[in-house]
Amino acid sequence: MQPVSMQLKAPDGQTIEARGELVQFSAYQCFPMTGEPAEVAILRRLVDTLASHGVALYRSGPFIDFLAEHAPEILAHTTAVIDPDDVRPFHNLPVIASADGLPDNAVLICEPRAEVRNRIARRLPPRCRVITLDDAGQFTTLVPPHAWIARVPSIYPIATPEIAIRPGVDFLLLNTPAGAGEQIPVGLCYVQAALERQRVDFQTVDANMIFYHRFHMHRLFDLGHEPLLAHGIAISTDAWGYNERIWVDPRQWPFLLAHFADTIDELVGKIVAAAPRVLGMSIHQRNEWITREIARRVKQAAPDIQIVVGGHSCYSEPFGRGAFPEHDYMVIGEADLVIGPLAEKLIAGERPKNLPGVISQHDDGPFLPGPQPHNLDMLGGLVGMLSDDVNVIYQTWQGYKSTALPLTRGCVWSRCTFCAERFAFRTRTASNYVDEMEAVMATGRGGQFSASDSDFGGRPETLYEICEEILRRGIKVQFGGQIRLNKKFDVPFFKLMKAAGVTGLNFGADAFTENTIKQQMKGYTLDTLIQNHRDCATAGVTPQINIVIGVPGETDQDMLDTIALLGGNRDCFPVINNINVAMLVQNSVYWFQPDKFNIHFYGDREENLPALLFRRPGAAVVLDRAIHRPVCQGGSVPEAGPGAAAGRHRDLG
Ligand code: B12
Ligand code: SF4
């Protein structure tokens with residue numbers, strides 16, 4: 001709530017201070033369609049104002065029936081009903097699909113939900129006088145108290161996109177909620193670029209952001225509080241934030257599906273109606289609840305549509321199979337060189353099997369990894385997603401816009417024992433990277449970037465060139481990212497970064513004693529650790545740290561020494577981003593060599609995987625016997641965004 005105060009003159013001439021809260025009228029709260037006298041009274045008052053002229057009613061749900069039942073006098077003035085989706089007759093009135101042939105210009109949108117009203121209003125021609133249920137808010141004496149809700153500053157209303165799918169499109173590329181953050185989805189951009197290179201007829205729909213804006217408009221304009229699921233648990237205001245766990249808790253999934261049923265029904269209905277040959281979905285732990293539902297329902301209605309998936313949940317074969325059994329085809333790992341030829345075959349009606357980099361229901365041989373791109377400059381990147389409305393769609397409800405812009409893939413070192421990001425290192429060139437920064441900024445998006453890489457300093461020379469290029473071109477950016485400690489870094493280098501716009505760096509130090517550095521195989525010395533952080537701070541760039549605790553071989557003394565080191569060198573370590581309890585993640589050294597570290601699984605390692613990663617009910621806990629501490633627990637993870645630009649996420653949150 002926004003508190004406000006104002007000075008008022010009392011009848012005796014004294015000035016008194018009145019305090020209150022900023023509120024707004026909510027048609028959704030005012031018209032719950034229960035038929036209570038207060039609700040009917042204000043509805044009839046609104047209808048009175050329409051009596052003098054003809055009006056068309058826009059139908060979008062049950063409210064129109066409620067209106068006809070409780071204020072039937074409206075029917076005498078109604079000239080037509082507009083409904084693009086349904087031609088069912090209504091009280092003998094003509095039903096038309098659009099407002100184009102309207103006999104009158106006044107349209108009453110019969111819809112209590114603000115975001116839906118907002119979308120309908122945009123479909124009407126400018127000549128129309130739009131009347132909404134919000135207009136009832138002017139009859140203040142009739143408004144019931146519960147219809148006044150908190151007014152919170154936000155970007156809304158905005159032109160939230162419709163779910164519009166081109167009929168007959170060959171490949172529909174879909175992103176679903178909830179992504180972590182409100183950024184342009186990098187992986188999806190690269191898949192889109194690959195389809196473009198192959199000249200596939202495709203359309204991308206980022207339903208994640210459609211759900212996001214619908215969610216917040218409903219929260220801010222209809223409810224005035226966080227929405228509750230049917231069993232009383234709230235979906236938090238920061239539900240799209242990195243640390244939100246509601247999406248990854250299978251106990252919540254039925255409730256989430258019920259809560260978002262309207263939008264899911266609309267999405268599935270439109271996919272089935274458009275009948276793409278291939279439905280491609282990006283999957284990651286946080287959207288498993290909805291992507292699996294969509295896949296099941298689409299397959300049921302249209303079995304010929306091929307379901308192709310890829311993304312963060314498909315980094316490895318066994319994990320991918322468990323995460324999304326509903327796939328027809330799944331691309332394992334980077335799809336840049338794999339998805340184009342696969343899409344082409346599927347669109348041509350082929351059902352290929354045993355393709356490198358792909359698993360499918362048709363395979364009869366072992367999985368073979370696919371080709372990885374080495375020239376990252378060739379891959380396209382974000383450009384395809386920079387449409388006219390990119391800055392409307394990709395922003396937080398408060399209007400904050402930042403852009404994840406990866407420079408590299410993989411990690412040069414690739415040896416840290418707990419790490420799941422040990423892929424082959426590759427980098428773009430400096431000019432290609434800065435070109436993309438400029439292309440993003442040319443949309444008016446601003447220059448807030450995060451290099452969303454494992455180690456964007458993996459080739460220090462490229463980072464150096466990027467900074468010089470930014471300065472040479474004179475562009476104003478702010479960026480940061482995850483970077484590995486390096487003996488080559490010194491104060492002049494950090495000063496160059498600062499001048500180019502680097503605001504924060506996270507060195508992913510993770511270990512802070514000689515023993516833990518060795519146990520985690522971090523590959524640096526304590527001297528380099530302190531020197532890099534000190535030089536960085538001296539140059540005016542904020543160094544941030546993560547701490548990984550709970551690894552095999554770590555002792556209580558290590559913890560005490562870590563605290564002493566950080567406490568004694570606060571100038572070098574001003575910000576602790578995260579304290580992550582080590583998790584047993586796939587592709588880590590611990591995963592591949594558990595015996596070496598005295599790690600034991602209950603039952604089969606692969607079967608335990610989903611449980612370990614998501615902490616499903618009944619998840620197995622793997623104990624490190626040496627230190628009697630669980631090593632598979634969730635840890636905290638950084639926010640995406642500018643601060644987090646420099647955030648590292650070694651665990652699975
Ligand atoms: C940057 C990043 C993020 C950013 C993404 C920013 C953005 N705007 O896109 C943010 C912070 C949002 C993020 C979130 C999460 N992340 Co993350 N992330 C990374 C990181 C560091 C780099 C990913 C990246 O950009 N790679 C480059 C792009 C091009 O690759 P990509 O996104 O994977 O896309 C490729 C493929 O996946 C595939 N693909 C993607 N979509 C599709 C769709 C189809 C149809 C097909 C066929 C293929 C396909 O093709 C793409 C091109 O090659 C990696 C670690 C790493 N270094 O790889 C972790 C990583 C991928 N994330 C991980 C996880 C777990 C998550 C979360 C689920 C965590 C959470 N909070 O729940 C969320 C997922 C939610 C989401 N996706 O929004 C794990 C995955 C672990 C695993 N599966 O084994 C990793 C490996 C980190 C880790 N060490 O644990 N992440
Ligand atoms: S923790 Fe960082 S430096 Fe270590 S292997 Fe992973 S990405 Fe590389």
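At least one donor-acceptor pair under 3.5 Å links the side chain of Glu554 to the backbone N or O of Gly550. For the pair Tyr212 (side chain) and Gly181 (backbone), a donor-acceptor distance under 3.5 Å is absent. Looking only at distances, a side-chain donor or acceptor of Asn506 sits under 3.5 Å from a matching main-chain atom of Gly508. Between the side chain of Lys498 and the backbone N or O of Gly540, at least one donor-acceptor pair lies under 3.5 Å. Under the 3.5 Å distance criterion, the side-chain polar atoms of Arg426 are matched with a main-chain donor or acceptor of Ala424. The backbone N or O of Asp238 lies less than 3.5 Å from a partner atom in the side chain of Ser236, making a donor-acceptor pair. Proximity of a side-chain donor or acceptor of Trp289 to a complementary backbone N or O of Asp249 within less than 3.5 Å is not detected. Remark: side-chain polar atoms of Gln252 are not paired, donor with acceptor, to backbone N or O of Trp247 under 3.5 angstrom. A distance-only check finds no donor-acceptor pair linking the side chain of Glu469 to the backbone of Ser431 [under 3.5 Å]. Without hydrogens or angle criteria, Asp455 side chain to Gly458 main chain gives a donor-acceptor distance under 3.5 Å.
A donor atom on one side chain and an acceptor atom on the other are found under 3.5 Å apart for Asp364 and Asn354. In summary, the side chains of Thr408 and Asp453 do present a donor paired with an acceptor at a separation below 3.5 Å, with no hydrogens or angles considered. A donor atom on one side chain and an acceptor atom on the other are not found under 3.5 Å apart for Asp510 and Asn546. A donor and an acceptor atom, one from each side chain of Asp535 and Thr538, are nowhere located under 3.5 Å apart. Between the side chains of Asn432 and Glu436, no donor-acceptor pair of N or O atoms lies under 3.5 Å. Thr429 and Asp377 are linked by a side-chain donor-acceptor pair at a separation below 3.5 angstrom, with hydrogens and angles left out of the test. Checked by atom type, the side-chain pair Asn577/Gln544 shows a donor-acceptor distance below 3.5 Å. Between Thr403 and Arg445, the side chains place a donor N or O and an acceptor N or O closer than 3.5 Å (distance only, hydrogens not considered). At a cut-off of 3.5 Å, with distance as the only test, a side-chain donor of Thr176 or Asn287 sits close to an acceptor on the other residue. Side-chain atoms of Gln557 and Thr555 form no donor-acceptor pair, as typed in the model, at a separation below 3.5 Å. Side-chain atoms of Thr417 and Tyr590 include a donor-acceptor pair closer than 3.5 Å.
By the 6.0 Å and 45° rule, Arg409 stacks over the aromatic ring of Tyr190.
Residues Val308 and Leu342 form a side-chain contact, since some pair of their non-hydrogen atoms from C-beta on lies under 4.5 Å apart. Within the 4.5 Å cutoff, side-chain heavy atoms of Phe592 are placed close to those of Asn587. Side-chain contact between Lys488 and Phe493 is absent, with no heavy atoms from C-beta onward closer than 4.5 Å. Inter-residue side-chain proximity for Ile545 and Phe507 is flagged as unmet; no heavy-atom pair is nearer than 4.5 Å. In this structure, Arg292 and Pro325 have side chains that are in contact, with non-hydrogen atoms separated by less than 4.5 Å. In this structure the side chain of Phe425 reaches within 4.5 angstrom of the side chain of Arg459, judged on heavy atoms. When side chains are defined from C-beta on, Val585 does not count as touching Phe418, because their heavy atoms never get closer than 4.5 Å. Contact annotation: the side chain of Leu505 approaches that of Met497 to within less than 4.5 Å [non-hydrogen atoms, C-beta and beyond].
Put simply, OG1 on Thr513 and CD on Gln520 are 8.5 Å apart, with the number rounded to the nearest 0.5 Å. Atom CZ of Phe494 is separated from atom NE2 of His533 by 8.5 Å, given to the nearest 0.5 angstrom. Note that CZ of Phe423 is 8.5 Å distant from OG of Ser414, once rounded to the nearest 0.5 Å. With rounding to the nearest 0.5 Å, the separation of CZ in Phe597 from NE2 in His600 is 13.0 Å. The line from CG of Leu379 to CG of Asp336 is 4.5 Å long, rounded to the nearest 0.5 Å. From Met281, atom CE reaches atom CZ of Phe324 across 4.0 Å, with rounding to the nearest 0.5 Å.
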*For Ile549 and Ile579, run side-chain contact (heavy atoms from CB on, under 4.5 Å): C-alpha distance rounded to whole Å, both residues' side-chain angles, the deciding distance at 0.1 Å, then the answer.*
CA-CA 7 Å; Ile549 60 168; Ile579 301 177; 4.1 Å; yes
*Could you walk me through whether Glu326 and Arg296 pass the side-chain contact (heavy atoms from CB on, under 4.5 Å) test, one step at a time?*
CA-CA 7 Å; Glu326 291 79 3; Arg296 274 195 290 263; 3.0 Å; yes
*Apply the test side-chain contact (heavy atoms from CB on, under 4.5 Å) to residues Arg321 and Ile359: give CA-CA distance (whole Å), side-chain angles for both, the deciding distance (0.1 Å), then the verdict.*
CA-CA 8 Å; Arg321 280 191 204 279; Ile359 56 175; 3.5 Å; yes
*Can Leu376 and Thr427 be said to form a side-chain contact (heavy atoms from CB on, under 4.5 Å), step by step?*
CA-CA 6 Å; Leu376 301 188; Thr427 181; 5.5 Å; no
_Trace of the ring-ring contact (aromatic ring centres under 6.0 Å, His included) decision for Trp240 with Phe215_ = CA-CA 10 Å; Trp240 266 254; Phe215 168 84; 5.3 Å; yes
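Heavy atoms only, all atoms of each residue included: Ala582 and Val551 are closest at CB-CG1, 3.8 Å. Scanning both residues, Asp558 and Gly553, for their nearest heavy atoms gives OD2-O, 4.3 Å. Here the shortest heavy-atom pairing between Gly457 and Phe489 reads O-CZ, 4.4 Å. Heavy atoms only, all atoms of each residue included: Ala178 and Asn208 are closest at CA-OD1, 3.6 Å. A pairwise comparison of heavy atoms in Val358 and Asp363 identifies O-OD2, 3.8 Å as the closest pair. Between Cys189 and Met385, the shortest heavy-atom contact is SG-CB, 3.7 Å.
Remark: of the listed residues Leu382, Asp206, Thr204, Asp206 is the sole one forming a side chain to side chain contact (heavy atoms under 4.5 Å, CB included) with Pro185. For the side-chain hydrogen bond (donor to acceptor under 3.5 Å, both in side chains) test with Ser454, the passing option among Arg422, Glu421, Gln482 is Glu421; the others fail. With Ser402 as the partner, the side-chain hydrogen bond (donor to acceptor under 3.5 Å, both in side chains) test is satisfied by one option alone out of Gln183, Gln478, Glu182: Gln183.
The 12-atom threshold is not exceeded at OH of Tyr464, counting heavy atoms of other residues, nucleotides or ligands nearer than 6.0 Å.
Lys518 and Glu514 are not joined by a salt bridge, as no carboxylate oxygen comes within less than 4.0 angstrom of a charged side-chain nitrogen. The pair Arg286-Glu244 fails the salt-bridge criterion, with no side-chain N (NZ, NE, NH1 or NH2) lying under 4.0 Å from an Asp/Glu carboxylate O.
Phe255 and His259 have their aromatic ring centers separated by at least 6.0 angstrom.
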